[in-house]
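Worth saying up front: this structure is predicted, and the values here are computed from it rather than measured.
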Amino acid sequence: MTANAARRLIQHYVDNFRRLPWRASPGNLPADPYRVWLSEVMLQQTTVATVAPRFERFVARWPTVEALAAASDEEILSGWAGLGYYARARNLIACAREVARRGGFPTTTADLRKLPGIGAYTSAAIAAIAFGERVAAVDTNVERVIARLHGLERADKAAISALALEMMPLEHPGDFVQAMMDLGATICRPRAPRCHSCPLESDCTALATGNPEAFPKRPPRAVRPHRHGLAFWIVRNGKVWLVRRPPKGLLGGMAALPGSEWSDAQPTGLQTIATVHHVFTHFSLDLHVTARGEPESHGWWQPLDRIEEAGLPTLYRKAIGAALANHDQLAV
DNA sequence: TACACGTGGGA
DNA sequence: TTCCCAAGTGT
């Protein structure tokens, strides 16, 4: 039964193969470990639609891990700007330099796992897809597919991994890994799964219950607090004063408008040029843009007509856009 | 173990 | 508008 299900799963993947820029065709191994690594890191918590063009830009600019390792921190962080989860970019830099120093990627899950930004899932994905190791890469897609297949409300990582490995064929583990993820992304979706199109329809315990969507059970979402912050608008001769944020923490290492610490309290008695609302994973923010005369911190003058070259994360890109819209009105 | 860590698109 | 959430990792 299991072997048949796996065969059907992979056949469905081959028949519906989505030609994504980082993929080798099914059956072809090994894939370029640099491309597999870069795409897997970009895809952490990020959609295929968002990643695809960015991936193309990265490999065009830095075709090899050695090229990436030779780039400056600022170049790479700017290239990452807008993708989010910037610790990934910081780890990407450290990982590229370590891999270049060693002369290539390690080839096993265990050794890949030691590199910065490569955890349990990504190490397994690279090992399976680029090096043909027979190992289960358990992301949320695989977790959901396996949980539904076996009718498990609670998804224990180790149990899921064992069940996935049990189902995995001996040949072409990378195809199986990608087939599972594709099934989760396109058929076995969190909501409104397309069970009538699923190659595992006849094997699925969750479907047999009549409510496959209920598997696995999701924890309730935590309440998201709201905060406020100030951003200082310092302009001169068509240039705006920017700073680089501290290397760790939220938006760590990224270009930014200078400003205050963020707090729970709404600022009062403030002349604001613009206020932008932005939602982070664990809180939302109103950033109030307010004029200041002189720079007080270490930073640089960024020409406003070349603002997209600054590598601004979305929060500050939005804030500057809103400030410019109002600024232009005031200046008329 | 639980929390910090971004963003944009779809329902 | 609001909520959900997408190929997780580090601490």
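- The residue among A:Asn91 and A:Asp182 whose nearest nucleotide of DNA chain C lies closer to the 5′ end is A:Asp182.
- Looking at heavy-atom distances under 4.0 Å, A:Val51 makes no contact with the nucleic acid at all.
- Between A:Arg244 and A:Asp73 no salt bridge is recorded (no basic side-chain N to carboxylate O distance below 4.0 Å).
- In this entry the distance linking CZ of A:Arg154 with P of B:dT1 reads 12 Å, nearest Å.
- Between A:Glu261 and A:Arg227 there is no salt bridge, since no side-chain N of the basic residue sits under 4.0 Å from a carboxylate O of the acidic one.
- A donor and an acceptor atom, one from each side chain of A:Tyr86 and A:Arg245, are nowhere located under 3.5 Å apart.
- We find that CD1 of A:Ile160 is positioned 14 Å from P of C:dG8, with the value rounded to whole Å.
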With Watson-Crick and G-U wobble geometry limited to distances under 3.5 Å, how should the secondary structure of DNA chain C be encoded in dot-bracket form, using | for bases paired to another strand and [ ] for crossing pairs? .|||||.||||
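- A:His226 has its NE2 atom 15 Å from the C1' atom of C:dT2, to the nearest Å.
- In this model, a donor atom of one side chain and an acceptor atom of the other lie less than 3.5 Å apart for A:Arg7 and A:Asn4.
- At distances below 3.5 Å, not a single donor-acceptor pair connects side-chain atoms of A:Arg90 with backbone N or O atoms of A:Gly253.
- By the rule that hydrophobic residues join a cluster once side-chain heavy atoms approach within less than 4.5 Å of another member, A:Leu165 and A:Leu9 end up as members of one cluster.
- Look at A:Glu143 and A:Lys157 and you find a salt bridge, because one of the NZ, NE, NH1 or NH2 atoms lies within 4.0 Å of a carboxylate O, short of that distance.
- A:Trp37 has its CH2 atom 14 Å from the P atom of C:dT9, to the nearest Å.
- Heavy atoms of A:Ser39 sit nowhere under 4.0 angstrom from any nucleic acid atom.
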At under 4.0 Å between heavy atoms, how does the protein contact nucleotides 5-11 of chain B? Give one character per nucleotide, 5' to 3', with B, S or -. BBBS---
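- With rounding to whole Å, A:Lys248 atom NZ is found 13 Å from B:dA4 atom C1'.
- Taking the six-membered ring for Trp and the full ring otherwise, the centers of A:Phe283 and A:Phe280 sit less than 6.0 Å from each other.
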